[in-house]
Amino acid sequence: TYKAVRRETVFGGTIETFVAVKVIKPGRLDSERQQAQHVRELQVLSKVRSNHVVRYLQQGEERGELYYAMEFCSGGDLGTFSASRGGLTPAEVAVFGAQAAEGLKGVHEAGFVHCDVKPANLLLDQQPGGRGPQVKLSDFGSVQHCASAGDSTTAEDTLSGEPFRGSPMFASPEQLRQHRLDQRSDLYSLGITFWFLLLGRKPVEGGLAEIQAWHLDPAPHRIELPGTVPEGLVKLIGWLVEKEPGKRPGSADEVLEALR
């Protein structure tokens, strides 16, 4: 993804704005599977209307390479911001977390699961007038259609032959098992994200095998956080990161209600 300048002519004048441009290299969309994933990514960006999802602007082709442009967020990402501070305050996590949940609500209502919710994909957009930055959900390269009660498949069905998409540190147990996913998978990832933001680091260290085992162990996570974190926020994280999807919040609205 690159930072670029977008120029538009209005009444004879030129308006310049910064945009983020994602370039699709030749060979990346050769298979039907890759093409379908690219279409899903563009569908989400064009369908979702939320102040907390990066805004899609246009797509095109330049010198044989496909690209699409999105709004540029000037404040970096929430993961880097949290790590630089050694963790955010509970009040900051509640505010930023609610904004992330609002973004996910828009994605889920459009019929999609993000599949890669993590601090690095929560961008900070600096607001004018000295107002605090706003979180915008980004990077829809792993997005899937949301499994629903009306599907002929069940949540236990596996995505046979599909490559794993997402980030193991923040992936739900069912995502690691490559089952079909619904919105509750994203909410698990949101819970791990809250945990990271409070610590300014990963909740667990280790290689891929250790991280997968941590998620797949049927025993509940032990939520170890500083004593300054309110009990209500600790309980919310524990609810979000339940190993069984049926024990988690059923929607982003429930997360928003808990954060109020």
Side-chain angles (χ1 to χ4, degrees), residues 1-4 6 17-73 77-79 99-125 135-148 151 153 159-172 174-176 178-190 193 252:
T1 303
Y2 302 93
K3 180 181 178 181
R6 186 188 192 201
T17 54
F18 288 118
V19 298
V21 177
K22 183 170 182 177
V23 178
I24 313 300
K25 299 295 184 182
R28 290 288 302 276
L29 299 178
D30 286 348
S31 71
E32 290 185 6
R33 177 186 294 163
Q34 291 168 322
Q35 292 165 9
Q37 184 63 31
H38 180 65
V39 169
R40 280 196 294 270
E41 188 172 356
L42 292 180
Q43 283 176 334
V44 175
L45 287 168
S46 60
K47 284 184 178 181
V48 175
R49 294 290 179 267
S50 171
N51 290 331
H52 298 291
V53 172
V54 291
R55 187 163 48 94
Y56 168 78
L57 298 172
Q58 69 181 67
Q59 64 172 320
E61 184 175 351
E62 184 72 25
R63 298 176 185 175
E65 294 183 337
L66 296 173
Y67 72 88
Y68 64 82
M70 304 160 285
E71 67 176 312
F72 175 75
C73 296
D77 69 82
L78 205 47
Q99 294 173 4
E102 284 283 3
L104 281 175
K105 177 182 176 180
V107 173
H108 298 159
E109 288 179 346
F112 297 96
V113 186
H114 185 280
C115 299
D116 200 13
V117 178
K118 60 183 179 181
N121 285 339
L122 296 174
L123 304 184
L124 291 168
D125 189 31
V135 164
K136 305 240 180 184
L137 182 61
S138 70
D139 196 344
F140 290 85
S142 299
V143 72
Q144 294 181 18
H145 289 289
C146 187
S148 67
D151 288 342
T153 56
L159 298 172
S160 178
E162 288 284 332
F164 174 81
R165 296 189 182 94
S167 302
M169 182 66 249
F170 299 91
S172 68
E174 62 269 28
Q175 185 176 1
L176 289 170
Q178 294 192 262
H179 289 172
R180 294 192 181 276
L181 308 176
D182 62 22
Q183 68 277 2
R184 296 170 297 180
S185 177
D186 279 346
L187 298 181
Y188 179 97
S189 302
L190 186 64
T193 294

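Values below: every heavy atom of this structure, side chains too, minus hydrogens, waters and symmetry copies. Everything numeric in this text was worked out from a predicted model, so none of it was measured.
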**Student:** Identify, with sequence neighbours excluded, every residue that meets side-chain hydrogen bond (donor to acceptor under 3.5 Å, both in side chains) alongside Ser167.
**Tutor:**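 If we apply the side-chain hydrogen bond (donor to acceptor under 3.5 Å, both in side chains) test to Ser167, skipping adjacent residues, the hits are Asp116, Lys118.
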**Student:** Checking Ser185 now: which residues fulfil side chain to side chain contact (heavy atoms under 4.5 Å, CB included) with it, not counting sequence neighbours?
**Tutor:**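 So Ser185 forms a side chain to side chain contact (heavy atoms under 4.5 Å, CB included) with Ser172, Glu174, Gln175, Leu181.
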**Student:** I'd like to check Leu124 versus Leu78 (side-chain heavy atoms, cut-off strictly below 4.5 Å). Are they in contact?
**Tutor:**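 Touching, per the 4.5 Å side-chain cut-off.
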**Student:** Could you tell me the separation between the NE2 atom of His145 and the CZ atom of Phe112, rounded to the nearest 0.5 Å?
**Tutor:**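 One finds 5.0 Å between NE2 of His145 and CZ of Phe112.
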**Student:** Quick check: does any side chain N or O of His114 sit under 3.5 Å from a backbone N or O of Asp139, one acting as donor and the other as acceptor?
**Tutor:**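 Judged by distance alone, yes, a pair lies under 3.5 Å.
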**Student:** Considering non-hydrogen atoms only, spot the tightest contact between Ser142 and Gly166 and give its length.
**Tutor:**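 Residues Ser142 and Gly166, closest heavy atoms: OG-N, 3.6 Å.
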**Student:** So, using side chain to side chain contact (heavy atoms under 4.5 Å, CB included) as the criterion, who are the partners of Glu109 when residues are at least two apart?
**Tutor:**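 Per chain and number, Glu109 pairs via side chain to side chain contact (heavy atoms under 4.5 Å, CB included) with Lys105.
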**Student:** With sequence neighbours excluded, what pairs up with Glu41 under the salt bridge (Lys or Arg N to Asp or Glu O under 4.0 Å) test?
**Tutor:**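 Listed in chain order: Lys22.
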**Student:** Return the set of residues passing side chain to side chain contact (heavy atoms under 4.5 Å, CB included) with Gln183 (not counting sequence neighbours), or none when no residue passes.
**Tutor:**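 Applying side chain to side chain contact (heavy atoms under 4.5 Å, CB included) to Gln183 gives His108, Cys146.
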**Student:** I need the minimum non-hydrogen distance between Leu42 and Tyr56, along with the two atoms involved.
**Tutor:**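 Here Leu42 and Tyr56 meet closest at CD2-CE1, 4.0 Å.
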**Student:** Please identify each residue that fulfils side-chain hydrogen bond (donor to acceptor under 3.5 Å, both in side chains) with Tyr67, with sequence neighbours left out.
**Tutor:**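 Testing Tyr67 for side-chain hydrogen bond (donor to acceptor under 3.5 Å, both in side chains), a comparison that skips the adjacent residues, returns Gln58.
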**Student:** Looking at every heavy atom in both Phe170 and Thr193, which two are closest together, and how far apart are they?
**Tutor:**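 Phe170 and Thr193 have their closest heavy atoms at CD2-OG1, 3.8 Å.
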**Student:** Does Glu71 have any salt bridge (Lys or Arg N to Asp or Glu O under 4.0 Å) partners at least two apart in sequence or in another chain, and if so, which?
**Tutor:**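 Checked Glu71 against salt bridge (Lys or Arg N to Asp or Glu O under 4.0 Å); matches are Lys136.
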**Student:** Using every non-hydrogen atom in the two residues, find where Ala171 and Phe164 come nearest and quote the distance to one decimal.
**Tutor:**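 It is CB-CZ, 4.1 Å.
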**Student:** Please check: side-chain N/O of Asp125 versus main-chain N/O of Val135, any donor-acceptor pairing under 3.5 Å?
**Tutor:**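 Checking the backbone N and O of Val135 against the side chain of Asp125, no donor-acceptor pair under 3.5 Å is found.
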**Student:** Look up atom CG in Leu137 and atom CG in Leu122, then write down how far apart they are to the nearest 0.5 Å.
**Tutor:**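 Between Leu137 CG and Leu122 CG, I get 6.0 Å after rounding to 0.5 Å.
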**Student:** Are any of the side-chain heavy atoms of Val107 and Phe140 separated by less than 4.5 Å?
**Tutor:**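 Contact flag for Val107/Phe140 side chains = yes.
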**Student:** Assess whether side chain to side chain contact (heavy atoms under 4.5 Å, CB included) is satisfied between Ser138 and Asn121, documenting all intermediate values.
**Tutor:** CA-CA 5 Å; Ser138 70; Asn121 285 339; 4.1 Å; yes
**Student:** State, to 0.1 Å, how close Ser50 and Gly103 come at their nearest heavy-atom pair, and which atoms those are.
**Tutor:**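 Heavy atoms only, the tightest pair is OG-CA, 3.8 Å.
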**Student:** Please report the shortest heavy-atom distance between Leu190 and Ala101, naming the atom on each side.
**Tutor:**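 Nearest pair, atom of Leu190 first, then Ala101: CD2-CB, 4.3 Å.
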